Amino acid sequence: MVTQIISTMETQANNGPGSAGILNGTNGEPDDSKTNLIVNYLPQNMTQEEFKSLFGSIGEIESCKLVRDKITGQSLGYGFVNYVDPNDADKAINTLNGLKLQTKTIKVSYARPSSASIRDANLYVSSLPKNMNQKEMEQLFSQYGRIITSRILVDQVTGVSRGVGFIRFDKRIEAEEAIKGLNGQKPLGSSEPITVKFANNPSQKTGQALLTHLYQTTARRYTGPLHHQTQRFRLDSLINMAYGVKSPLSFLPRFSPITIDSVTNLAGVSLTAPTTAGWCIFVYNLSPEADESVLWQLFGPFGAVTNVKVIRDFTTNKCKGFGFVTMTNYDEAAMAIASLNGYRLGDRVLQVSFKTSKPHKA
DNA sequence: TAGTATT
């Protein structure tokens, strides 16, 4: 099998229009193979607006999207730009690929048509010979398919290889074949066998990432000395919950009128009585794209969630900006509210509270 | 023995 070796060492745009071999127009999808670009290695702090501004300077953009973590709203460091004119897409590659932004060198290339077959095609390779360079590693793997990206990790100080790398294939099936063919094999002239396996999927870390993010967010929001105890208390609670430790709020009687009064007085509002299902929480300032999974994942780490609901516009089916979450236990609901109210999700700041009873008109 | 490329 003859395959193309594509070096990513110079962050070259390496896949031309139609290079993925999928004919457009056969499935009713618009042919955007010559206008749709993927942009990689973006600085972590780049916003959607900056992203649009940078690529909009080339020509008219049909659409663009900075891809962000669905739960934390953090940039994932890549995005898509679809131009109106294919010439502008070409121009963007020629002028912006390799552009240095902060510590990153961005890569601009044509996006491959989205498909399940290209997902989860990233491999983690360890025990590589320390003298093997990126090109040699690519040559070793290229017999199994088309390589999209490759990287060898190096010591920050000495620059010497750590014997660890990544290889992303065009297709998952190619990655599978590479594992079969190379895992446990000794490269020519090496005495130690290499390990080849699928790279960890970043989405598997979102639970921990969320807690870390909340920890930082909460720490930033309670910096005043008067709130020091409150801050410590909340951060400890987050950590305890992450390890399944009983919440320190558990000493409070659950569903107790005293507890309700204390919160009511603090908030200055009256609460609906807990239903048999639990405590209803109002979540405001969700994006139009928000769905139920976001609410599950946001509130799940705090305890038992029995129901979530995103309120949608009847005609567009887009979120109207708010939703509800029902949690079984008062203390867990209170902790979720304390932690998530004011939480920044993407470019929005959430408002989270117990659902209040609407004042009835006289 | 861990960076981050599919909307």
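Within every chain, numbering begins at 1; the chains are lettered A, B, ... in the order of the sequence lines, protein sequences first and strands thereafter. Note that the coordinates shown come from a computational prediction; the quantities given were computed from them, not determined experimentally.
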- request: Any chance you could pull the hydrophobic cluster mates of V160(A), using side-chain heavy atoms under 4.5 angstrom and chaining through other members?
  value: none

message: So, under a plain 3.5 Å distance rule, would you say the side chain of R112(A) forms a donor-acceptor pair with the base of dT6(B)?
response: yes

message: Nearest whole Å is fine: how far is dT7(B) P from K70(A) NZ?
response: 11 Å

- prompt: Between atom CZ of F51(A) and atom CD1 of I61(A), what is the distance when rounded to the nearest 0.5 Å?
  reply: 7.5 Å

field: With sequence neighbours excluded, residues passing salt bridge (charged side-chain N to carboxylate O under 4.0 Å, His left out) with R172(A)
entry: E176(A)

task: In whole angstrom, give the distance that lies between atom CZ of R146(A) and atom P of dT6(B).
output: 14 Å

field: N or O in side chain of R162(A) less than 4.0 angstrom from dT1(B) OP1/OP2
entry: no

- request: Among the candidates dG3(B), dT7(B), dT1(B), find the nucleotide nearest to the side-chain atoms of L153(A).
  value: dG3(B)

query: What is the distance from atom CG of N82(A) to atom OG of S63(A), rounded to the nearest 0.5 Å?
result: 4.5 Å

- prompt: Does the ring of F166(A) lie flat against the base of dA2(B), closer than 5.5 Å centre to centre with planes under 30°?
  reply: no

message: Output the rounded distance in Å from CG (D32(A)) to P (dT6(B)).
response: 16 Å

With sequence neighbours excluded, residues passing ring pair (Phe, Tyr, Trp, His ring centres under 6.0 Å) with Y83(A): none

query: Rounding to a whole Å, what distance do you find between M137(A):CE and dG3(B):P?
result: 14 Å

- request: Output all residues satisfying ring pair (Phe, Tyr, Trp, His ring centres under 6.0 Å) with Y78(A), sequence neighbours left out; order by chain, then residue number.
  value: none

- request: Describe the nucleic acid contact of V67(A) in one word from base, sugar-phosphate, nothing, applying a heavy-atom distance below 4.0 Å.
  value: nothing

- prompt: Can Y124(A) be classed as stacking with the base of dG3(B), given a centroid separation cut-off of 5.5 Å and a plane angle cut-off of 30°?
  reply: no

- line: Picking from dT1(B), dT7(B), dT6(B), the nucleotide nearest the side-chain atoms of I118(A) would be dT6(B)

- request: Specify the residues of residues 76-88 of chain A, ordered by number, for which at least one heavy atom lies under 4.0 angstrom from an atom of DNA chain B.
  value: Y78(A), F80(A)

- prompt: Is any side-chain nitrogen or oxygen of R168(A) closer than 4.0 Å to OP1 or OP2 of dG3(B)?
  reply: no

task: Would you please name every residue forming a ring pair (Phe, Tyr, Trp, His ring centres under 6.0 Å) with F166(A), sequence neighbours left out?
output: Y124(A)

message: Heavy atoms within less than 4.0 Å of DNA chain B: which residues of residues 185-194 of chain A have one? Give them sorted by number.
response: none

message: Distance check needed: dG3(B) P versus L42(A) CG, whole Å only.
response: 18 Å

task: Could you please spell out the steps behind the side chain to side chain contact (heavy atoms under 4.5 Å, CB included) verdict for L54(A) and V39(A)?
output: CA-CA 11 Å; L54(A) 177 62; V39(A) 185; over 6 Å; no

query: Over how many whole Å does the gap from L37(A) atom CG to dT7(B) atom C1' extend?
result: 13 Å

- prompt: Rounded to whole angstrom units, what separation is found between the NZ atom of K171(A) and the P atom of dT6(B)?
  reply: 13 Å

task: Rounded off to whole Å, could you give me the CG-to-C1' distance for the D69(A) and dT7(B) pair?
output: 14 Å

Give the table of side-chain donor-acceptor pairs shorter than 3.5 Å for residues 315-325 of chain A, with sequence neighbours excluded, one pair per line with atom names and distance.
residue, atom, partner, partner atom, Å
T315(A), OG1, D313(A), OD1, 2.5
T316(A), OG1, D313(A), OD1, 3.4
T316(A), OG1, K318(A), N, 3.2
K318(A), NZ, E289(A), OE1, 3.0
K318(A), NZ, E289(A), OE2, 3.3

- request: Under the salt bridge (charged side-chain N to carboxylate O under 4.0 Å, His left out) rule, collect the residues that match up with R162(A), sequence neighbours excluded.
  value: none

message: If you compare every side-chain N and O of R119(A) against the phosphate oxygens of dT7(B) (OP1, OP2), does one of them come in below 4.0 Å?
response: yes

message: Within the 4.0 Å heavy-atom criterion, would you say A121(A) contacts the bases, only the backbone, or no part of the nucleic acid?
response: nothing

